[in-house]
2 protein chains.
Amino acid sequence: MTSDSEARPARQRRVSARGQETRELILETALEVIGRRGYGATSLREIADAVGVTQAGMLHHFGTKEALLVEVLRQRDIANRRALDAQPGDEPTPVRVARHNANAPALMHLYVSLQAAASTPGHPAHDFFRARQERVHDLVVTDVRARQAAGEVRADLDPDRVATVLLALSDGLQAQLGADPDIDIAATIEWLWAQFT
Amino acid sequence: MTSDSEARPARQRRVSARGQETRELILETALEVIGRRGYGATSLREIADAVGVTQAGMLHHFGTKEALLVEVLRQRDIANRRALDAQPGDEPTPVRVARHNANAPALMHLYVSLQAAASTPGHPAHDFFRARQERVHDLVVTDVRARQAAGEVRADLDPDRVATVLLALSDGLQAQLGADPDIDIAATIEWLWAQFT
DNA sequence: GTCTATAGCTTGATAGAC
DNA sequence: GTCTATCAAGCTATAGAC
């Protein structure tokens, strides 16, 4: 169940520049199609058509459908991290991430849908979400601790609980976005954060 | 897309006692199968086999697959409401609901999965989730207001924001349950509630 | 109200040429 | 690395007998 890229050592995948471009195009297009048709109604064939390759051609790059979709999320996580690292700010991590993804409803829809599907332990994406949840949680805990030390967050609050609540709130708002597109995710997380200061 | 039961007037569906029993058995069994196999891998045929009827027999009662699954959630909402009304308590509504559903992971999995699938406006369950979200939100707002009047909740907090945060937290925790079954949903919501008192 | 039978489609994945 | 061709399997929903 472990993906290739995780088992592989630090060295880069050996691919041509052309192949890399194709991979990126596929990932972008997959997100676009999912946004348009919905996660459940999106087939490999439909993505392939939008890209301009065949379904078999796509599977050459990603092996399975789930691997492709997980890769969309993985790449977006990496991109998010780079964007946030490059431009450090005062706002807590979950708020900044929410702001960064505010105009990517398709990404949030994919995230929520795949997370739900990966609920079953045997699912190909189960390990990805388990690891991600743990990693992001630790990240936020560290952030909260630092701000407690700086006197920015109340010292009597359990950092673990604060992180859990912030991240679950973030996930829940993304889930509710389908029923009410007007929800302001970043503003809501920011409001809760303010209760902790 | 509007379901029969919504368009129909208040009068009861005219079904035999035997038919009613079958309906209930189907709804219970559907939840059991979904818990065992996962939402995405559950077909009408598999539920039918577990019930001991044919797939066509089930569709006679519910029309479509989505209508069946929505009905599972709808009946559970009704059951929840009755249970909470019958035994009124001091704890806020979301905490009591969480406690009541704590031992029903299959229900939470179905809820999260169907909510994600119903994200697309055209989806058969879209209206159900939109209406439900609004209804539950109003319910919690009323609860919060009453407790503010009773001096139990800080009066400076916007009841709307409090309700939004509590409900999104609830949804998010249910979504994360797949990746970490050890999460204590009720305790986490209770902790956040305590920050508002 | 439950059944059998099947229509009618779509799907993910593979084999193998080029 | 991309293609064509195809497979085997699965699905929901419907028609119509009983």
Side-chain angles (χ1 to χ4, degrees), chain A residues 1 3-4 12-27 29-30 33-34 36-72 110 113-114 117-118 120 122-125, chain B residues 1 3-4 12-27 29-30 33-34 36-72 110 113-114 117-118 120 122-125:
Chain A
M1 258 355 115
S3 80
D4 275 3
Q12 274 294 335
R13 215 190 223 94
R14 192 175 308 231
V15 285
S16 72
R18 176 83 179 85
Q20 187 68 319
E21 275 172 29
T22 304
R23 276 178 61 95
E24 284 166 16
L25 179 60
I26 290 172
L27 294 176
T29 310
V33 174
I34 287 168
R36 182 156 41 81
R37 302 267 294 128
Y39 171 86
T42 300
S43 66
L44 288 178
R45 250 181 196 91
E46 202 163 355
I47 300 172
D49 288 351
V51 173
V53 297
T54 61
Q55 173 229 22
M58 289 198 340
L59 287 181
H60 165 74
H61 290 288
F62 298 99
T64 69
K65 185 190 188 184
E66 278 82 14
L68 192 166
L69 298 180
V70 166
E71 196 60 21
V72 174
L110 169 60
S113 304
L114 197 49
T120 309
H123 192 280
Chain B
M1 265 345 123
S3 79
D4 276 4
Q12 274 294 339
R13 215 188 222 93
R14 191 174 309 231
V15 285
S16 71
R18 176 81 177 86
Q20 187 69 320
E21 275 173 29
T22 304
R23 277 178 61 94
E24 284 165 15
L25 179 59
I26 290 172
L27 294 176
T29 310
V33 174
I34 286 168
R36 183 157 37 84
R37 302 266 294 127
Y39 171 85
T42 300
S43 66
L44 287 179
R45 234 181 274 275
E46 202 162 357
I47 299 172
D49 289 351
V51 173
V53 296
T54 61
Q55 173 229 23
M58 290 197 341
L59 287 181
H60 165 75
H61 291 287
F62 298 100
T64 69
K65 184 190 187 181
E66 278 81 14
L68 192 166
L69 298 181
V70 166
E71 197 58 22
V72 173
L110 169 61
S113 304
L114 197 50
T120 308
H123 192 281

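Only heavy atoms go into these numbers, but all of them, side chains included; no hydrogens, no water, no symmetry mates. Numbered from 1 within each chain, the chains take letters A, B, ... in sequence-line order.
Counting to the nearest Å, the C1' atom of dG10(D) and the CG atom of Asp49(B) are 14 Å from each other. At whole-Å resolution of the value, NE2 in His61(A) and C1' in dC3(D) are 12 Å apart. Atom CD in Glu66(B) sits about 12 Å away from atom C1' in dA13(D), given to the nearest Å. The distance between atom CG of Leu59(B) and atom C1' of dA5(C), rounded to the nearest whole Å, is 15 Å. Atom NZ in Lys65(A) sits roughly 14 Å away from atom P in dT10(C) (whole-Å rounding). Rounded to whole Å, atom P of dT2(D) lies 11 Å from atom CZ of Phe62(A). Per the geometry, CG belonging to Leu69(A) stands 14 Å off C1' belonging to dT11(C), to the nearest Å. Note: CD (Glu21(A)) to P (dT2(D)) measures 11 Å, nearest angstrom.
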Distances for protein N or O near nucleotides 15-18 of chain C N or O, under 3.5 Å:
none

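Residue Thr54(A) places none of its side-chain N or O atoms closer than 4.0 Å to OP1 or OP2 of dT4(D).
Put simply, CD on Glu71(A) and CD on Glu24(A) are 10.5 Å apart, with the number rounded to the nearest 0.5 Å. Atom OG1 of Thr22(A) and atom CE of Met58(A) lie 12.0 Å apart (nearest 0.5 Å). Glu21(A) contributes atom CD, which lies 9.0 Å from atom CG of Leu25(A) (distance to the nearest 0.5 angstrom). Expressed to the nearest 0.5 Å, how far CG of Leu68(B) lies from NE2 of His61(B) amounts to 10.0 Å.
For Leu59(B), the side-chain contact (heavy atoms from CB on, under 4.5 Å) partners at least two apart in sequence or on another chain are Leu44(B). Thr42(A) is linked by a side-chain contact (heavy atoms from CB on, under 4.5 Å) to Val33(A), Ile34(A), Arg37(A), Ile47(A), counting only residues two or more places apart in sequence or in another chain. Here Thr54(A) pairs with Ala56(A) under the side-chain contact (heavy atoms from CB on, under 4.5 Å) rule; sequence neighbours left out.
Judged purely by atom type and a 3.5 angstrom limit, Thr120(A) has no side-chain atom pairing as donor or acceptor with the backbone of His123(A).
Counting only Watson-Crick and G-U wobble pairs whose two key distances fall under 3.5 Å, DNA chain D forms stems of three or more stacked pairs at C:1-18 with D:1-18.
Checked options Lys65(A), Arg45(A), Glu46(A); the residue passing with Gln55(A) is Arg45(A) (criterion: side-chain contact (heavy atoms from CB on, under 4.5 Å)).
In terms of heavy-atom proximity, Tyr39(A) sits nearest to Ala117(A) at OH-CB, 3.9 Å.
Residue whose closest nucleotide on DNA chain D sits further toward the 5' end, between Val53(A) and Gln55(B): Val53(A).
Applying a 4.0 Å cut-off to non-hydrogen atoms, the residues of residues 36-47 of chain B that approach DNA chain D are Ser43(B), Leu44(B), Arg45(B), listed by residue number.
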